[in-house]
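To find a chain, count down the sequence lines: A is the first, B the second, and so on, and within it residues start at 1.
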Protein chains: 2
Amino acid sequence: MSTTAPLRPRKAQIDRTATALFRARGFAATSMRELATALGLEAGSLYSHIKSKEEILHRVCFGLAESFFAGFAAATLDATAPVATQLRQAIEAHVRVLTSDSAASAVFLHEWRHLSEPARGEFLALRDRYEAAFRELIAKGVAAGELHTPDTAFAALTLLASLNWLPAWYRPEGKLAPDEIAHRLAEQLLSGLRHDG
Amino acid sequence: MSTTAPLRPRKAQIDRTATALFRARGFAATSMRELATALGLEAGSLYSHIKSKEEILHRVCFGLAESFFAGFAAATLDATAPVATQLRQAIEAHVRVLTSDSAASAVFLHEWRHLSEPARGEFLALRDRYEAAFRELIAKGVAAGELHTPDTAFAALTLLASLNWLPAWYRPEGKLAPDEIAHRLAEQLLSGLRHDG
DNA sequence: CCTACCGATCGGTAGG
DNA sequence: CCTACCGATCGGTAGG
């Protein structure tokens with residue numbers, strides 16, 4: 001776990017505002033002038049706080065990756081617990097990250113491709129490792145007879161896909177609280193739609 | 001169902017090449033000069049075939065929408081069939097569209113936000129109608145006692161999310177054929193992961 | 001389909 | 001944090 005130094009308040013504010021714009025309009029279509037205006041600054045002034053537009057994207061993407069790994073690690077700390085329990089906790093942890101900052105999550109999910117190399121490759125490697133962690137947990141569950149699927153990799157991809165759609169429709173002021181959402185997602189993914197399946 | 005006139009070959013080629021670029025780099029980050037180069041033309045020459053960059057995006061997004069609706073309509077033609085069967089066929093139809101042109105599907109899923117109004121609003125209305133069709137089918141299944149879920153809207157969103165992740169990893173040369181993918185997705189979504197659930 | 005070009009806007013910098 | 005500016009590149013057009 002690489003530890004990240006806390007950002008100066010102004011820099012954190014730039015990241016937050018940029019994240020909202022990147023989410024709404026996409027990284028490439030967001031100009032530094034728009035960002036500056038949203039912050040009440042001139043464009044050139046941004047560069048006394050940051051080095052480049054991509055630096056912001058880098059911080060958002062890798063910061064979220066760190067949050068996801070931390071959540072998964074906490075959820076699976078007790079390796080002797082039933083795998084279904086660990087999986088449910090991992091799902092809840094993932095949903096908690098997605099809902100606690102859905103703008104940053106959307107950027108993490110969709111804008112990473114605008115990272116230039118080598119950051120882009122490093123990011124994809126992290127994402128692969130995270131998917132692998134879910135895959136291995138599911139495989140463990142199948143081996144223990146707790147879970148059932150014809151294809152572990154397939155199951156992991158589908159599970160994460162269902163979760164990662166959340167930032168597209170989640171609204172903090174909506175009627176479902178994050179924990180309730182996590183619970184329903186876990187239930188539906190574990191039990192399926194079929195009656196008395 | 002609005003009928004679309006067939007495109008002249010050159011225009012169709014421009015759309016295909018642009019779609020691949022939009023998918024790989026995003027709409028905003030793809031320049032008309034890149035597109036022209038990929039086609040072996042000069043940038044200005046593109047405009048004897050198309051009116052604007054956005055016109056291409058418009059055609060791709062609305063063309064895919066038409067394909068999705070046509071697939072759903074065919075899958076649910078026989079309204080007296082068991083709802084589980086209709087749902088399975090709708091899933092298969094959706095997957096068939098996604099796999100038959102995964103580049104256009106990825107653009108449909110992620111680049112529509114670069115449409116300007118009123119096209120953007122029209123697109124979102126179509127997407128909502130499509131989600132509603134799945135939601136109503138699931139609701140019908142719950143009413144008939146064939147399906148089970150605490151929240152129909154939630155179930156529809158999760159189902160489509162799982163399917164729509166496909167273009168992110170599907171490769172035509174991969175080991176799973178589209179029909180096999182559709183079958184496994186339907187099976188997993190209907191039955192869930194839990195053993196003897 | 002090309003050549004030559006337009007005005008607008010881009011990310012970023014120098015100097016204060 | 002601002003003013004003033006850089007070179008590069010953008011989508012698109014005129015005229016042939």
[X]: side-chain contact (heavy atoms from CB on, under 4.5 Å) partners, not counting sequence neighbours:
| X | result |
| --- | --- |
| A/Glu136 | A/Ala132 |
| B/Thr37 | none |
| B/Gln13 | B/Arg10, B/Arg16, B/Thr17, B/Leu39 |
| A/Ala84 | A/Glu146 |

If only side-chain N and O atoms count, and only distance matters, is there a donor-acceptor pair under 3.5 Å linking A/Ser162 with B/Ser162? yes

Please identify each residue that fulfils ring-ring contact (aromatic ring centres under 6.0 Å, His included) with [X], with sequence neighbours left out.
| X | result |
| --- | --- |
| A/Tyr130 | A/Phe68, A/Phe69, A/His94, A/Phe134 |
| B/His49 | none |
| A/His183 | none |

Produce a footprint string for nucleotides 9-16 of chain C: one letter per nucleotide, 5' end first; B if the base is under 4.0 Å from any protein heavy atom, S if only the sugar-phosphate is, - if neither. -BBBB---

Please report, to 0.1 Å, the donor-acceptor pairs under 3.5 Å made by any side chain of residues 104-116 of chain A, with sequence neighbours excluded.
from     : atom 1 : to       : atom 2 : distance (Å)
A/Ser105 : OG     : A/Asp101 : O      : 2.9
A/Glu111 : OE1    : A/Phe27  : N      : 3.1
A/Glu111 : OE2    : B/Arg113 : NH2    : 3.0
A/Trp112 : NE1    : A/Leu109 : O      : 3.1
A/Arg113 : NH1    : B/Arg23  : O      : 2.3
A/Arg113 : NH2    : B/Glu111 : OE2    : 3.0
A/Ser116 : OG     : A/Glu54  : OE1    : 3.0
A/Ser116 : OG     : A/Glu54  : OE2    : 2.8

Got a minute to check which stems DNA chain D is part of, using Watson-Crick or G-U wobble pairs under 3.5 Å, three or more consecutive? C:1-16 with D:1-16

Among C/dC1, C/dT3, D/dT3, which nucleotide has an atom closest to any side-chain atom of A/Glu42? D/dT3

Where along residues 6-22 of chain A does a heavy atom come under 4.0 Å from DNA chain C, residue by residue in number order? none

Enumerate the side-chain hydrogen bond (donor to acceptor under 3.5 Å, both in side chains) contacts for residues 70-86 of chain A, please, sequence neighbours excluded, ordered by first and then second residue. A/Asp78-A/Thr80

